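Owing to the predicted nature of the structure, the values given are computational and were not obtained by experimental measurement.
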Amino acid sequence: MILADKGSKKVTRLKIKLQNHESCVKSSGLYSHAVSLLEPLKFTRIRCLALGSPTQEFQALYQLAFLNLIVSHFGVLPENVSLYDPAFTSEDIQLLENELKYTVMGPENGTNVPETTKSTLFYMPHAPRSLTESILRHSEPLWFLANDFSVTMGTLTKAKFLEQYPLLASLVNLHEKSGHRSKFLENDGFTPVKRKRNRARKIVYVEPDLDYGSVETYFSGIQINRIQADDEAPWKDSFSDLALNVVEIAHKAEEKSIS
């Protein structure tokens with residue numbers, strides 16, 4: 001009984017800290033920018049994955065505060081918010097289910113099917129590529145509030161990226177083909193000067209021609225909207241690379257997109 005009381009008091013203290021985090025995030029440019037991007041979408045459910053442990057991790061508590069604000073702003077019913085992370089502790093579950101009235105629900109519950117994700121926003125802060133690939137394959141979502149997909153290739157070659165994560169790689173390829181490029185790759189107005197060098201030529205790796213057409217997909221394109229981060233924010237890198245990734249559906253040309 002004493003141990004249970006201590007656990008309950010810890011969760012209560014954590015809930016107060018969570019509310020303070022919410023106030024902090026709500027006044028940020030990051031939050032206002034995210035809300036402006038989400039406004040055109042018609043989601044009534046939120047599926048949160050890869051959150052981490054909010055009772056144990058600094059980042060996860062800020063990410064949970066962000067989730068609470070989105071739930072409140074868009075009037076999503078708590079029972080329509082589900083979360084899962086194998087890192088959840090018993091205290092995490094107590095906080096999420098007893099205090100916040102959310103549902104902790106693993107993938108084995110059978111909710112990750114296309115029929116239930118047409119109105120679902122997937123909130124996946126810092127999700128690994130393998131999880132994103134799995135969700136794309138089994139759930140066919142429309143909206144990911146998650147890592148900027150255009151930077152998920154990391155240090156992989158395009159060939160390896162396509163081999164290991166075919167759906168995610170196909171989305172990134174469609175994004176690149178649409179003409180979106182990093183601002184760091186755009187012409188900055190300066191003309192490069194070519195200098196002759198007598199050094200031996202280095203062997204440069206050239207990507208082979210890749211057959212993206214062999215990948216069976218449910219989408220025809222993607223819009224990636226990077227969410228602006230706040231300089232010197234107290235949450236540090238809790239929201240680094242955060243973006244709204246809007247998947248365009250192949251058989252629904254009339255799907256409304258955001259600009």
Side-chain angles (χ1 to χ4, degrees), residues 37 40-41 43 47-50 84 86 107-108 110-188 192 200-227 240-259:
L37 291 173
L41 310 185
F43 60 91
R47 177 67 166 154
C48 177
L49 302 169
Y84 181 73
E108 66 277 4
T111 58
N112 294 347
V113 293
E115 288 74 15
T116 61
T117 57
K118 291 177 181 178
S119 59
T120 300
L121 172 68
F122 277 73
Y123 176 48
M124 298 165 52
H126 295 165
R129 290 174 293 208
S130 57
L131 176 59
T132 303
E133 180 73 17
S134 177
I135 295 301
L136 284 168
R137 182 169 303 282
H138 298 292
S139 301
E140 301 185 2
L142 303 179
W143 310 303
F144 286 88
L145 189 57
N147 290 335
D148 180 338
F149 283 5
S150 69
V151 300
T152 52
M153 185 170 72
T155 59
L156 294 176
T157 64
K158 286 188 175 182
K160 275 293 182 185
F161 192 34
L162 180 59
E163 176 187 340
Q164 296 179 14
Y165 311 104
L167 293 176
L168 183 55
S170 296
L171 276 174
V172 173
N173 178 61
L174 288 169
H175 178 68
E176 292 177 349
K177 285 175 62 178
S178 68
H180 297 287
R181 300 184 66 185
S182 168
K183 64 181 180 180
F184 300 108
L185 299 179
E186 295 175 357
N187 192 319
D188 58 6
R201 291 185 177 180
K202 294 182 178 179
I203 298 175
V204 178
Y205 174 77
V206 178
E207 290 277 3
D209 291 333
L210 302 176
D211 184 13
Y212 290 96
S214 64
V215 181
E216 185 177 348
T217 66
Y218 71 95
F219 46 76
S220 60
I222 185 170
Q223 294 184 38
I224 300 176
N225 306 273
R226 190 68 170 260
I227 296 174
S240 61
D241 294 337
L242 186 66
L244 176 61
N245 303 276
V246 179
V247 178
E248 298 169 343
I249 306 302
H251 58 278
K252 288 188 178 180
E254 74 278 6
E255 280 288 335
K256 186 178 180 180
S257 62
I258 68 173
S259 59

Taking [Y]'s backbone N and O only, do any of them form a donor-acceptor pair with [X]'s side chain (distance below 3.5 Å, no angle check)?
X	Y	answer
D148	A243	no
E248	Q223	no
T217	F219	yes
T152	F149	yes
S134	S130	no

Mind checking the [atom1]-[atom2] spacing from [X] to [Y]? Nearest 0.5 Å is all I need.
X	Y	atom1	atom2	value
S150	L171	OG	CG	11.5 Å
L156	L162	CG	CG	11.0 Å
N147	R226	CG	CZ	8.5 Å
I135	L167	CD1	CG	12.0 Å
E216	S170	CD	OG	11.5 Å
N173	Y212	CG	OH	4.5 Å

Nearest non-hydrogen partners of [X] and [Y], listed with the distance:
X	Y	value
P128	A50	CD-CB, 4.4 Å
M124	A146	O-CB, 3.4 Å
P125	L49	CD-O, 3.6 Å
K118	L142	O-CD1, 3.5 Å

Indicate yes or no: at least one non-hydrogen side-chain atom of [X] is less than 4.5 angstrom from one of [Y].
X	Y	answer
V246	L37	no
Y218	L136	yes
Y84	P86	yes
H126	S240	yes

Pair M153, V172 - check side chain to side chain contact (heavy atoms under 4.5 Å, CB included), show working. CA-CA 8 Å; M153 185 170 72; V172 173; 5.7 Å; no
Test side chain to side chain contact (heavy atoms under 4.5 Å, CB included) on I227 and L145; report intermediate values, then the result. CA-CA 10 Å; I227 296 174; L145 189 57; 3.6 Å; yes
